[in-house]
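All chains are named by letter (A, B, ...) in the order of the sequence lines, taking the proteins before the strands, and each is independently numbered beginning at 1.
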Protein chains: 2
Amino acid sequence: MVNPTLEDVAAIAGVSPTTVSRVLNNRGYLSEKTKQKVFAAMQELDYRPNAIARSLQNKKTKIVALIFPTVAHPFYGAMATYLEERLSDRGYRVILCNSQDHPERERDYIDMLLSHHVDGVITGAHSDAIANYPTLRSALVTIDREQSQRYPNIRCDNYGGARKATSALIDAGARHIVHITSTQSDTNQRQRGYLDVMQKNNLEPRILEVGFAAESAAKNRAITDYLDQHPEVDAVFGSNDTYAAYALNWAQVQEKKVPQDFQVVGFDGTQAIHSLLPHLATVVQPIEDMAERAVERLVEAMESSTPHEVMADESRLENDVFPTVFRPGTTVRLP
Amino acid sequence: MVNPTLEDVAAIAGVSPTTVSRVLNNRGYLSEKTKQKVFAAMQELDYRPNAIARSLQNKKTKIVALIFPTVAHPFYGAMATYLEERLSDRGYRVILCNSQDHPERERDYIDMLLSHHVDGVITGAHSDAIANYPTLRSALVTIDREQSQRYPNIRCDNYGGARKATSALIDAGARHIVHITSTQSDTNQRQRGYLDVMQKNNLEPRILEVGFAAESAAKNRAITDYLDQHPEVDAVFGSNDTYAAYALNWAQVQEKKVPQDFQVVGFDGTQAIHSLLPHLATVVQPIEDMAERAVERLVEAMESSTPHEVMADESRLENDVFPTVFRPGTTVRLP
DNA sequence: CTGAAAGCGCTAACAG
DNA sequence: CTGTTAGCGCTTTCAG
């Protein structure tokens, strides 16, 4: 039989479809005998419940969507992998959406997700299309975004991490430190951490903004151009490890001695980058823990009858900020 | 209204549900007037067709599943991103499955995918659970797997790429070249390319197998241990860029001069790794082109009435092998 | 403990 | 050009 249905099973087992459904969902009282008959029939037909028909009836899809700029970025790749693993363990499927940081793409995805009635969404995308969506009924958790009163936002202590990075550079003797960031903004906590520490030390801050959607080659060039034109710069704090790596490569080409003459710190500390550049000093985010928490919060909301209240429960928002660890590497001098 | 249905739209527009459905699908003859009324009603209700109900009826989900070991691996991360982009452009959604190379996980996923009636599957996972699945009715395309007569297998010219890498090392004067691979096997084309070239040059081949599912730290240790114990080795050909990076890092720690005293070539050539290690010599796969082809082949099969015949069409199998390019970098000496 | 019947939201004959 | 009817595969009252 090509696509056996519950009715086919019922026919073979000699019971009603209702009974088969009960066996499937383990609901109500069933005699052992009946169960056995039904199981036997299912085996015989290699029956698989049709998830679509189920969803139509239940109003639950057991699907969660992930919206990230691109999983080719190490941080998002790692995060997506952990999230998928945790969700899969809890019986949820994951739909992947790479927004590429195009608000328009993100909007299309939201439409799609609403159509598909996904139970939940986890987003790390940068356009705020979703969080501000008026009629979103899915549970929603954001990753490393601005705090909202309506949705949990899982993030690391960006401000503290940036302070650690900047302080480490200053302690190691750097005086002309440039911070490379994707997008400047007053609410950018890594930038704020950097600025505050620089100011407290009476050092002149310098920020290089390289844009988010740009190609990596363009970003690399923006960074090397800047460094070429600012020979007094003696240290770089990148808002992610890739920017730090660009700076490091520039130093190598220039035959600058690292860390003696030029120091570098990144941010994120993914396994992938640590494998490739074990010496890079960086601020490590506990990505796996963050993924775990995001899934916890999302599942709780999805399985509650009042998801929006669960999500907006202020009492635990403070738990959603994770501490960072500074990993010294050898691209920063010892103080 | 919380979740407007097609009937609600019909009621407001003063037409039958069928008519609304026709407008939605742009089928049959509709008067302009009717169309306008229906569109107006849809807008008024912010109506979104329920994709689930649609799928139940159509027997098409417009969903494709991606099964890869993990998108945290640069090659799969890049591949997944490109695939998702292309598929999304063609109106397909993507479900992400990270098998972690556990055959058991892969099997679970297959069950799930069958339940969800995905239209197609693209897999680069290593267990052969899917390709050998007897009753798979979805279209299937594999990435860099062994050739089958039943499904397209998109891959690069692994054999030729490995030959280029090995030859480049030999031409540059290397004599004790070790090949680092995940899993040894007779059908491993990168390994075969390496072996053939070594043999033709009367050089003794050495293969280090580091396993697939192992943690990156364990792989790194296996590699450094091997290199520590075999000081005569003067070059490494890694079956991926990460293995090559491990060797490179080892050389740096040992203060070996690269490429003078120690040479390294990797495989894959993803943008992500090129950003971080621009000097690494490697065999570049045309990942974006491969993704494009995979999607083409899959879509063709999904939209055909005889998907299995389309997939097994031998005449174009040869087109599914993509040429590689050797990128010299500076970790190999000039001949 | 089990079954009959209705319906989730949509589409596809078949009429008109 | 438009409406009526049935049904995709499952779950869920409501009866027995």
Roughly, in whole Å, what's the span from CG in A/Leu114 to C1' in C/dG9?
-> 16 Å
Base, sugar-phosphate, or nothing for B/Ser31, non-hydrogen atoms under 4.0 angstrom?
-> sugar-phosphate
Please check if atom CD in A/Gln36 has more than 12 non-hydrogen atoms from other residues, nucleotides or ligands closer than 6.0 Å.
-> yes
Would you mind reading off the distance between B/Lys37 atom NZ and D/dT2 atom C1', rounded to a whole angstrom?
-> 10 Å
Once you round it to whole Å, what is the distance between P of C/dG16 and OH of B/Tyr29?
-> 21 Å
Would you mind building the protein contact string for nucleotides 3-8 of chain C? One character per nucleotide, 5' to 3', B for base within reach (heavy atoms under 4.0 Å), S for sugar-phosphate only, - for untouched.
-> BBB-BB
Degree of bending, the helix from C/dC1-D/dG16 to C/dG16-D/dC1 (end axes from five pairs; round to 10°) | 40°
To the nearest Å, how far apart are B/Leu24 CG and C/dA12 C1'?
-> 14 Å
Is the count of non-hydrogen atoms from other residues, nucleotides or ligands lying under 6.0 Å from A/Glu303 atom CD greater than 12?
-> yes
Is A/Arg86 salt-bridged to A/Glu288, going by a charged N under 4.0 Å from an acidic O?
-> yes
Heavy-atom count around A/Glu104 CD within 6.0 Å, excluding the residue itself: above 12?
-> no
Nucleotide D/dC8, atom P - distance to CG of A/Asp8 in whole Å | 11 Å
Quick one: B/Asn26 CG to C/dA12 P, roughly how many Å, whole number?
-> 13 Å
Of all heavy-atom pairs between B/Asp8 and B/Asn3, which one has the smallest distance, and what is that distance?
-> OD2-O, 4.2 Å
